[in-house]
Undergrad: 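My questions all concern the structure below.
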Amino acid sequence: MTVRIWQSFSCNNSSSYRLVARFADASTADATAAELRAFFAEHAQEMDALMEQGDFPEQNPGAAQTLANQYGFTWDDVLTWGDEMLEGDEPSVASEDGVLVVYHTYCGGFGGGIPAYLRKRGAREVEDETYQTPTMSVLFPRQAENAALEADLDLLFDQIDDEQREVEPLKTPWPTRWESYGRAAFFRDPKTVGLYFPIAPTDLSAFKTWLAERGVAQASIRLCEYADEDRFVAIGKAKCTACDAALQYLDPRIHDIETPQLACGTCGGLYELATFTRPS
């Protein structure tokens, strides 16, 4: 008789996990993201070496202890992820304009230590961990004559309507490593395109490459700016109270104005964005 023993290491409550930290300046967030990516890679190698020996460690190995000693925090649990080996499946990390996001599609959380590390690195706010996919909101000037870009936007916009804004998963014209699920909100008018959608941080680079390939040189990108979902929905529905024409959105981040405004291209009326959005 042959007896085979199978052993795996996982959490009883494994799921996707998102962690968001907000910094006062972008350079600190970028440096923290780079350090965190390097740490995850080293930690994965050390954990895999231990597990190849058949041992799941009772405490985090060397790299994690070094990080904790350097920044003065403690681990609540052993940091692990996935359902096989860790190397090559590290958590996804990205930073944009002072917002840092850590995400993995299958783990039991970030060991208590990663939120503490982010605070020690100077994050002014660290959100509670959540199962939800990170989100990205993007604004850029409309190029109606750009047929390739318009076709890609059609692909994105056709996935939702006024009643259904869940994407399961989001279909994208740029390559992705992980599927992303969640809510989306899109609008486009003669002046501006707005996109709000779920995205894994590892796919941010591919998205920026897609923008460049489609000739979008000026874009405002924000990670996990949750209020933008309702804003973009409201902008897409806004109508002029005088002539009932659809309004065009102008934003200081991509247009030469001082405050966000909605303008009527038919009768010239101007409206503050707050006229059509709920206070956030």
Undergrad: Go through the steps to decide whether Q132 and Y17 satisfy the test side chain to side chain donor-acceptor pair (under 3.5 Å), and finish with yes or no.
TA: CA-CA 7 Å; Q132 296 174 331; Y17 268 82; over 6 Å; no
Undergrad: Between Y226 and D228, is any side-chain donor less than 3.5 angstrom from a side-chain acceptor?
TA: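 No.
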Undergrad: So, K191 and D189, do they make that salt bridge, N to O below 4.0 Å?
TA: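 Looking at D189 together with K191, the answer is no, because their closest N to O distance does not fall below 4.0 Å.
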Undergrad: Give, for atom CG of D89 and atom CD of E84, the distance between the pair rounded to the nearest 0.5 Å.
TA: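 Going from the CG atom of D89 to the CD atom of E84 covers 8.5 Å.
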Undergrad: Could you list the cluster mates of Y181? Members are the ILVMFWY residues connected by side-chain heavy atoms closer than 4.5 Å, either directly or through other members.
TA: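 Same cluster as Y181: nobody, lone residue.
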Undergrad: Relative to each other, are the rings of W75 and F73 parallel, tilted or perpendicular (30° and 60° limits)?
TA: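 If you compare the ring of W75 with that of F73, the planes turn out perpendicular.
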Undergrad: Between R142 and E150, is there a side-chain N and carboxylate O pair less than 4.0 Å apart?
TA: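 Result for this pair is yes, salt bridge flagged.
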Undergrad: Side chains of T28 and D25: any donor to acceptor distance under 3.5 Å?
TA: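 Yes, because at least one side-chain N or O of D25 sits under 3.5 Å from a partner of the opposite role on T28.
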Undergrad: In terms of relative ring orientation, are W81 and H43 parallel, tilted or perpendicular, with 30° and 60° separating the classes?
TA: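 It falls in the tilted class, 30° to 60°.
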Undergrad: With F23, which residues qualify under ring-ring contact (aromatic ring centres under 6.0 Å, His included), at least two apart?
TA: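 ring-ring contact (aromatic ring centres under 6.0 Å, His included) check on F23 returns nothing, list empty.
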Undergrad: Are the side chain of E258 and the backbone of P252 linked by a donor-acceptor contact shorter than 3.5 Å?
TA: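 Checked: no pair found.
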Undergrad: Can you name the closest pair of heavy atoms from E96 and I221 and give their distance?
TA: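 Smallest heavy-atom distance, with atoms named: CG-O, 3.6 Å.
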Undergrad: Does R222 pair with D97 as a salt bridge, N-O distance under 4.0 Å?
TA: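 Result for this pair is no, no salt bridge flagged.
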Undergrad: With the threshold set at 4.0 Å, does a side-chain nitrogen-carboxylate oxygen contact exist between E179 and K171?
TA: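 Salt bridge: no.
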Undergrad: Can you name the nearest heavy-atom pair linking V78 to P57, along with the distance?
TA: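 Of all heavy-atom pairs spanning V78 and P57, the closest is CG2-O, 3.6 Å.
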Undergrad: With a sphere of 6.0 Å drawn around CG of D128, does it hold more than 12 non-hydrogen atoms of other residues, nucleotides or ligands?
TA: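 No, not enclosed.
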Undergrad: Would you say that more than 12 heavy atoms from the other residues, nucleotides or ligands in this model lie under 6.0 Å from the CG of D48, or not?
TA: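 It does: D48 CG has more than 12 such atoms within range.
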Undergrad: With distance as the sole test, does S95 use its side chain to make a donor-acceptor pair with the main-chain N or O of L100 at under 3.5 Å?
TA: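 Judged by distance alone, no pair lies under 3.5 Å.
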Undergrad: Indicate yes or no: does R183 engage E229 in a salt bridge with an N to O separation below 4.0 Å.
TA: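 Looking at E229 together with R183, the answer is yes, because their closest N to O distance falls below 4.0 Å.
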Undergrad: May I ask you to decide if the ring planes of F197 and F186 are parallel, tilted or perpendicular, using 30° and 60° as cut-offs?
TA: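 Taking F186 first and then F197, their aromatic rings sit tilted (interplane angle of 30° to 60°).
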Undergrad: Give the intermediate values and the outcome of side chain to side chain donor-acceptor pair (under 3.5 Å) for residues D152 and W210.
TA: CA-CA 10 Å; D152 286 348; W210 169 76; 2.7 Å; yes
Undergrad: Donor-acceptor pair, H255 side chain versus P141 backbone, under 3.5 Å?
TA: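 Absent.
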